[in-house]
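In what follows, a single structure is set out as structure tokens and then discussed.
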Amino acid sequence: MSVMTETIPGYLTGTWSIDPVHSEVGFSVRHMMVSKVRGKFNVFSGDIVTGESPFDSSVTATIDLSSIDTGNPDRDAHIRSADFFDVDTHKTMTYRSTGVRLDDDGYVLDGELTLKGVTRPISLRLELGGVGQDPYGGTRVGFTATGEIKRSDFGVDFNAVLETGGVVVADKVAIALEIEAVLDA
């Protein structure tokens, strides 16, 4: 075992399936320059492969864009429209990691996000929640991952200018993931 894995209690190699029942793919974006709107996606899947070293690990995920949920059905319908996600043409958003690295604050997962046919690099800060046994004999791992994107980088650039000079929806979107995954048998 390497020095790095010795600093991660319970670290195991293997393939883990993301448990959507105990995970959340969330975001927040500034609205009308005064507050934030939060939302999440209710349908997603993915796999985490932990290598002999954490730096040899990878993640893939697919998010169903039509499953957006901001707590307001009218707003959700607008976000699904061609003004934003255009879910009739682009049904999913995908993420594929390209590497894991350390920085001053811990682990960072580098990867590529594809949204509306546009692929851009995105880095997510990782925080390991823990590794443990569940009551059914399975092994689970938990992560928190945070990052941000500019929606205009992906062609999601609908907006309206306010009389005060600001915009209705900010370009910067904060990403907040709470991920729990189960080790495949």
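Positions are given from 1, in the same order as the sequence printed here.
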Contact summary for Asp76 and Ile68, nearest pair of heavy atoms: OD2-O, 3.6 Å
Side-chain touch Glu148/Val173, heavy atoms, less than 4.5 angstrom: no
Under 3.5 Å side-chain donor-acceptor pair for Thr70 and Arg75: yes
Value rounded to 0.5 Å, distance of CG in Asp69 from CD in Glu24: 9.5 Å
Reported CG-to-OG distance for the pair Leu113 and Ser123, which is rounded to 0.5 angstrom: 11.5 Å
Inter-residue atom distance Asp74.CG - Ile79.CD1, 0.5 Å rounding: 11.0 Å
Minimum heavy-atom distance between Ser97 and Ser58, given as atom pair plus value: OG-CA, 3.2 Å
Minimum side-chain heavy-atom gap Arg140-His22 below 4.5 Å: yes
Nearest non-hydrogen partners of Val100 and Phe55, listed with the distance: O-CD2, 3.2 Å
Residues Arg101, Asp110: salt bridge by 4.0 Å N-O rule: yes
Flag for Glu178-Thr144: side-chain donor and acceptor within less than 3.5 Å: yes
Shared hydrophobic cluster for Tyr11 and Val182 (ILVMFWY, side-chain gaps under 4.5 Å): no
Asp64/Lys91 salt bridge by N-O under 4.0 Å criterion: no
Arg125/Thr146 under side chain to side chain donor-acceptor pair (under 3.5 Å): CA gap, chis, key distance, verdict: CA-CA 5 Å; Arg125 294 212 162 281; Thr146 57; over 6 Å; no
Closest non-hydrogen atom pair, Phe84 against Lys116: O-NZ, 2.9 Å
Side chains of Met93 and Phe41 in contact at under 4.5 Å (non-hydrogen atoms): yes
Note, Ser67 side chain near Phe44 side chain (heavy atom, < 4.5 Å): no
Min side-chain heavy-atom separation Leu102-Val108 under 4.5 Å: no
Arg38 CZ: over 12 foreign heavy atoms closer than 6.0 Å: no
Polar contact flag, side-chain donor to acceptor under 3.5 angstrom, Asp47-Thr15: no
Ile179 backbone acceptor or donor facing Ser23 side chain under 3.5 Å: no
Spatial distance of atom CG (Leu109) from atom CZ (Phe143) [nearest 0.5 Å]: 9.0 Å
Aromatic ring proximity Phe85/His90, centre distance under 6.0 Å: no
For Gly51 against Ser57, the heavy-atom pair lying closest together: N-OG, 3.1 Å
Side-chain heavy atoms of Ser45 within contact of Ile18, under 4.5 Å: no
Reported CD1-to-OG1 distance for the pair Ile63 and Thr94, which is rounded to 0.5 angstrom: 8.5 Å
4.5 Å side-chain heavy-atom contact, Val37 and Asn72: no
Reference residue Trp16; test side chain to side chain donor-acceptor pair (under 3.5 Å); the match among Thr139, Thr50, Asp184: Thr50
Flag, side chain of Arg80 to backbone of Val87, donor-acceptor distance under 3.5 Å: no
Shared hydrophobic cluster for Ile175 and Ile48 (ILVMFWY, side-chain gaps under 4.5 Å): yes
Tyr95 side chain to Gly111 backbone, donor-acceptor under 3.5 Å: yes
Side chain Asp134, main chain Gly137, donor-acceptor under 3.5 Å: yes
Heavy-atom side-chain proximity of Val49 to Thr13 below 4.5 angstrom: no
For the student: nearest non-hydrogen atoms of Ala145 and Leu124, plus distance: CB-CB, 4.2 Å
Rounded distance [0.5 Å steps], CD1 in Ile122 versus CD in Glu112: 11.5 Å
